[in-house]
Structure formats: C-alpha cells, structure tokens
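Presented below is the structure to which this report refers.
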Amino acid sequence: QVQLVESGGGLAQPGGSLRLSCAASGFTFSSYAMSWARQAPGKGLAGVSSIYSDGTDTDYADSGKGRFTISRDNAKNTLYLQMNSLQPEDTALYYCTKHAIEYWCTFVDYWGHGTQVTVSS
C-alpha cells in the first residue's frame, strides 16, 4: 500500500541545480517525518536530509548543508529536495524514505526505488 516514487533526477553540470520529488501514497503523509538518502557508486548509503512531519524542522548532512533544501507539500503528498551548486561528489542514487513517526529516527520503514543523479561536465 505504501508507495514512494522518486523523480527529477538526471544529468547536471557542476554548479547546476536539480529538484528531486517524491510522490507518496498509501499512508497519511502529513503524520510522518521523511528523509532523503543517497548511495554513490561503490560507496555506502548516506543520509542527506530529513524533515519533520509538518515541515517545521529540518536536518542536513554536512555534505549538502548550505546547498540542499528539503521541503514538503503535505497537501500534495510530495517531498522535495532542491539541490544547488551540484558537484561530481553528489552523483548517487537518491532515495526517498519514510520514518515510522512524526520526527526523524533511526528506523525507516519504507524506501522508494531511487532516482539517479549524475553530475559531470
């Protein structure tokens, strides 16, 4: 029933921007914290950013701090990640994830299939 569908990935040049979207369904979207995570080729999974259920609080990994902005539109059941000043190190498969409560926690109960972001000249 729970479905998370990422979109918006693609190829960007260094210094460029992309906005990722995650369409959520099958649950009360506004009741749960959401996060973005990513996995670069040959590397482990890393957290990117998280947002409280109502969007009033956010958290960012150092990798994207100052460049990335997480947001959500609860009326549209959609999570976003605005990525600016992209660098090759941002190349990864980006996942939309759902937390089990309204605030972010270590336990993520659902994942999307990911959207690929490639940053290259």
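No hydrogens, no waters, no symmetry mates; every other heavy atom, side chains included, goes into these values.
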Straight-line distance of [X] [atom1] to [Y] [atom2], nearest 0.5 Å:
X: D57; Y: E102; atom1: CG; atom2: CD; answer: 12.0 Å
X: N74; Y: S31; atom1: CG; atom2: OG; answer: 8.5 Å
X: H99; Y: Y52; atom1: NE2; atom2: OH; answer: 13.0 Å

Return each pair, listed once, that meets salt bridge (Lys or Arg N to Asp or Glu O under 4.0 Å) where at least one residue sits in [range]; pairs must be two or more places apart or across chains.
range: residues 9-25; value: none
range: residues 22-49; value: R38-D90
range: residues 112-121; value: none

Considering residues at least two apart in sequence or located in another chain, which fulfil the side chain to side chain contact (heavy atoms under 4.5 Å, CB included) criterion with [X]?
X: S7; answer: S21
X: S17; answer: Q82, N84
X: L45; answer: A37, Q39, Y95, W111
X: S71; answer: Y80

S49: what forms a side-chain hydrogen bond (donor to acceptor under 3.5 Å, both in side chains) with it, not counting sequence neighbours?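 Result, side-chain hydrogen bond (donor to acceptor under 3.5 Å, both in side chains) vs S49: none returned.
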side-chain hydrogen bond (donor to acceptor under 3.5 Å, both in side chains) against D59, all qualifying residues, sequence neighbours excluded: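 Listed in chain order: nothing, the list is empty.
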Find out whether S121 and P14 are in side-chain contact, i.e. whether some heavy atom of one side chain is under 4.5 Å from a heavy atom of the other.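 S121 vs P14: side chains touch.
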Can a donor-acceptor pair be found, under 3.5 Å and without considering hydrogens, that links the side chain of [X] to the backbone of [Y]?
X: E6; Y: C22; answer: no
X: T91; Y: T118; answer: no
X: T97; Y: S35; answer: yes

With D109, which residues qualify under salt bridge (Lys or Arg N to Asp or Glu O under 4.0 Å), at least two apart?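 Residues passing salt bridge (Lys or Arg N to Asp or Glu O under 4.0 Å) with D109: K98.
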Each residue besides F107 in its hydrophobic cluster should be listed here, by chain and number; the cluster joins Ile, Leu, Val, Met, Phe, Trp and Tyr at side-chain heavy-atom distances under 4.5 Å.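 Listed partners: none, F107 stands alone.
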Hydrophobic side-chain clustering at under 4.5 Å (ILVMFWY, transitive links): who's grouped with V2? Put none if nobody.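 Under the 4.5 Å side-chain rule, V2 groups with L4, L18, L20, F27, F29, Y32, M34, W36, V48, I51, Y60, F68, I70, L79, L81, M83, L86, Y94, Y110, V117, V119.
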